[in-house]
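Below, each value reflects all heavy atoms present in this structure, side chains not excepted, and no hydrogens, waters or symmetry copies.
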Amino acid sequence: MTLAALGIDVGSTATKLVGVTAAGDIAWRRLAPTAPRIEAQAEALLAEARAQPGGERAPTVATGYGRKLVASATRALTEITCHARGVYRRTGRAGTLVDIGGQDSKVILIGAQGQVLHFVMNDKCAAGTGRFLEVTAGRLQLPVAEMGDMARAATAEVPISSTCTVFAESEIVSLLARGTPVEHVVRGLHRALVHRVTSLVRSLGPRPPYFLSGGVAHNAAVAAFLGEALGAPVERAEEPQLMGAYGAALSALEP
Amino acid sequence: MSSLGALRFHASVSLLGRAALRLDRLRTEHKLARMKSAGPHLGPPLMTSGWLKELISRHYLTGRYVRGVRKVAWVTSGAPVEHLKALGYYLMYPENHGAVCGIRRWGERQCLAAEDAGYSRDLCSYARTDFGTVLSGQTPVGRLPPPDLLVCCNNICQTVLYWYQVLAHHFQVPLVLIDTPFLYTEARPHMLAFVRKQIDAAVEVAERTAGRSLAPARLEEVMRLSHEAIGLWLKIMQTGRNRPAPITAFDEFIHMAPIVEMRGEESTVAYYRALLAELEERTRRGVGALQAERKRLLWDNLPIWYRLRPLSESLAARGVALVASTYTNAWGELVERIDPTRPLDSMAEVYLHPILNRGTGHKLATMARMLKEYQADGVLLHSDRSCKPYSVGQMDQQRRLAGELGAPALLLDADHNDPRAYSEEQAENRLQAFLEVLGA
């Protein structure tokens with residue numbers, strides 16, 4: 001398929017690249033952990049995309065924290081606009097989008113025409129983000145990808161009272177030292193993360209339906225617990241981690 | 001007054017200082033006249049900026065040599081000062097000095113000096129900047145004159161009560177406290193009487209410290225000059241209602257210094273007359289503060305002093321003009337409450353009514369009115385870690401602005417003087433996303 005536009009999302013954890021057809025369907029995708037040399041990595045990934053049919057002339061929109069470092073991009077947009085665009089294209093509905101990325105979480109109110117009405121973000125704190133799970137997984141010596149299933153399977157949970165990632169880590173150490181089963185701790189950690197995100201959602205007022213995007217959306221426990229807390233189901237976007245890059249590519253299609 | 005001190009004052013300030021500052025102003029004006037724009041996306045610089053620089057420099061130069069020549073009072077930004085002016089006091093505003101430190105990137109080091117002495121990082125960064133200055137003796141303006149009198153009014157916050165007690169303890173000088181009851185709704189007669197009584201008592205202490213009596217005619221004169229300057233300041237801000245706006249709130253943050261610390265002076269009135277004339281001329285010629293104004297925003301709360309320039313540039317690059325702010329407006333909106341023929345009663349009324357001494361509903365109503373008058377497309381709410389009274393209620397205000405008033409509003413987390421509480425990347429990201437929502 002011929003690529004008509006490219007979108008690159010340089011996030012704090014992963015760099016995502018999506019190529020779309022003129023009809024706006026994803027035709028090509030790449031995902032790589034973000035390297036310290038952002039510019040070189042972005043250009044290498046883009047070179048690969050531009051080697052695809054149509055890719056050479058495809059306009060490119062960059063998003064994510066590293067968006068300003070993508071020298072060959074036609075334009076740069078924030079993740080807020082891009083995630084909303086990507087998810088709206090997939091769902092076609094107004095609602096509340098919760099995007100939990102590697103270092104921040106955002107709640108975006110999407111209007112009937114797919115426009116961003118309002119948004120809030122976590123402030124200077126990693127406790128409601130993917131980093132919270134990464135740090136605690138490291139402490140528990142568990143692969144991040146398995147944490148969600150472990151949390152859902154656990155039969156009990158311990159409350160994690162610390163609202164700070166660093167203090168939560170010390171709290172885990174104390175809990176383990178007291179003999180608390182790891183699964184109970186993991187379930188408690190997920191609950192703590194969801195609490196943080198829920199208060200962000202509530203600050204915008206309850207506006208279902210709810211959608212979830214960003215890397216953390218791969219974690220089934222987060223979606224399930226968030227749905228419980230909000231009293232309404234939370235739909236996980238397909239390929240949630242790519243929604244920012246997808247929205248960027250869709251924006252690049254526009255004149 | 002010692003004759004040596006007086007001689008030094010007149011030589012350094014009245015003769016050499018004034019001449020040097022005038023020369024510097026001429027040089028600045030010459031430079032400004034040759035500048036096409038104040039920045040890559042900004043309009044031409046304001047020519048009166050040279051005059052402003054002269055006024056502020058003269059104020060601090062006077063302060064440097066004033067000890068022993070005139071009595072010195074340190075006052076909070078919302079304190080009644082007309083009686084002090086009339087008694088010949090030199091006034092030092094630690095908050096204004098704090099802003100100077102912030103702009104010159106001295107905020108962090110002053111805060112650290114205070115924290116080293118045990119003051120909590122959670123304390124207001126103006127208070128910490130002041131304590132840091134007092135304890136270290138270091139300031140970008142040379143030297144601050146120690147106070148003979150402290151005047152503290154809690155119409156802006158409660159922190160000042162403890163802040164000024166620390167100063168009183170340190171300098172061992174009298175502290176006058178003027179307690180203004182919080183106005184949840186309207187001011188009642190007994191509240192006005194209560195404040196008036198305290199102003200009378202404050203006058204007595206000021207007279208005793210100065211060793212002279214307050215001359216009623218001189219007080220009326222100061223009040224008249226205050227009134228005139230405040231009226232001019234309001235008109236200056238109101239030129240921002242034009243499209244394009246000839247002045248932005250960023251300019252006002254700088255040009256507001258005289259209305260705060262030099263009210264009641266002839267030179268302040270003359271300066272604001274010139275600034276107003278310049279802005280009216282800009283309006284006639286259709287010259288904007290930005291090269292291309294596309295969107296207009298309202299600012300709420302104190303400025304982020306150490307990021308004024310980058311923020312101004314970043315907004316200007318997107319064609320966004322900050323056409324007004326509730327903060328600068330606070331020094332103009334009370335003009336109608338001043339009656340120079342009833343100076344002490346007027347003072348009681350004016351100093352009861354600052355925006356920070358009134359309920360959050362009043363602030364929302366002020367923003368709603370300003371949005372309309374200035375035809376603004378949205379609001380930037382600076383959630384200031386150091387100014388709780390100004391920041392409280394902003395989340396509700398944001399919701400109501402966006403809801404019933406249809407004005408998108410962004411909460412920007414920062415601190416007016418402590419750069420450590422400001423995260424550049426996060427703030428910039430939020431701001432850009434907000435501008436995308438606005439279509440800027």
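Note that CZ of R430(B) and CG of D104(A) are 7.5 Å apart. Values are rounded to the nearest 0.5 Å.
Within a 6.0 Å radius of CZ in F167(A), no more than 12 heavy atoms belonging to other residues, nucleotides or ligands are found. When the shell of 6.0 Å around CZ of R37(A) is examined, it contains 12 or fewer heavy atoms from other residues, nucleotides or ligands. Residue R207(A) qualifies as open at atom CZ: its count of foreign heavy atoms under 6.0 Å is 12 or below. Heavy atoms from other residues, nucleotides or ligands lying under 6.0 Å from CZ of R318(B) number more than 12.
For F119(A), there are no ring-ring contact (aromatic ring centres under 6.0 Å, His included) partners, not counting sequence neighbours.
Heavy-atom neighbours of chain A within the stretch residues 431-440 of chain B, taken at a separation under 4.5 angstrom, comprise Q432(B), A433(B), F434(B), E436(B), V437(B). Applying a 4.5 Å heavy-atom cutoff, the residues of residues 364-399 of chain B that approach chain A are M395(B), Q398(B), R399(B). For residues 66-73 of chain A, a heavy-atom distance under 4.5 Å to chain B picks out R67(A), K68(A), given by residue number.
Within the 4.5 Å cutoff, no side-chain heavy atoms of M121(A) are placed close to those of Q426(B).
Considering only heavy-atom pairs separated by less than 4.5 Å from chain B, the leading option among S203(A), A76(A), A84(A) is S203(A).
Contact annotation for L77(A): both backbone and side-chain heavy atoms come within less than 4.5 Å of a heavy atom of chain B.
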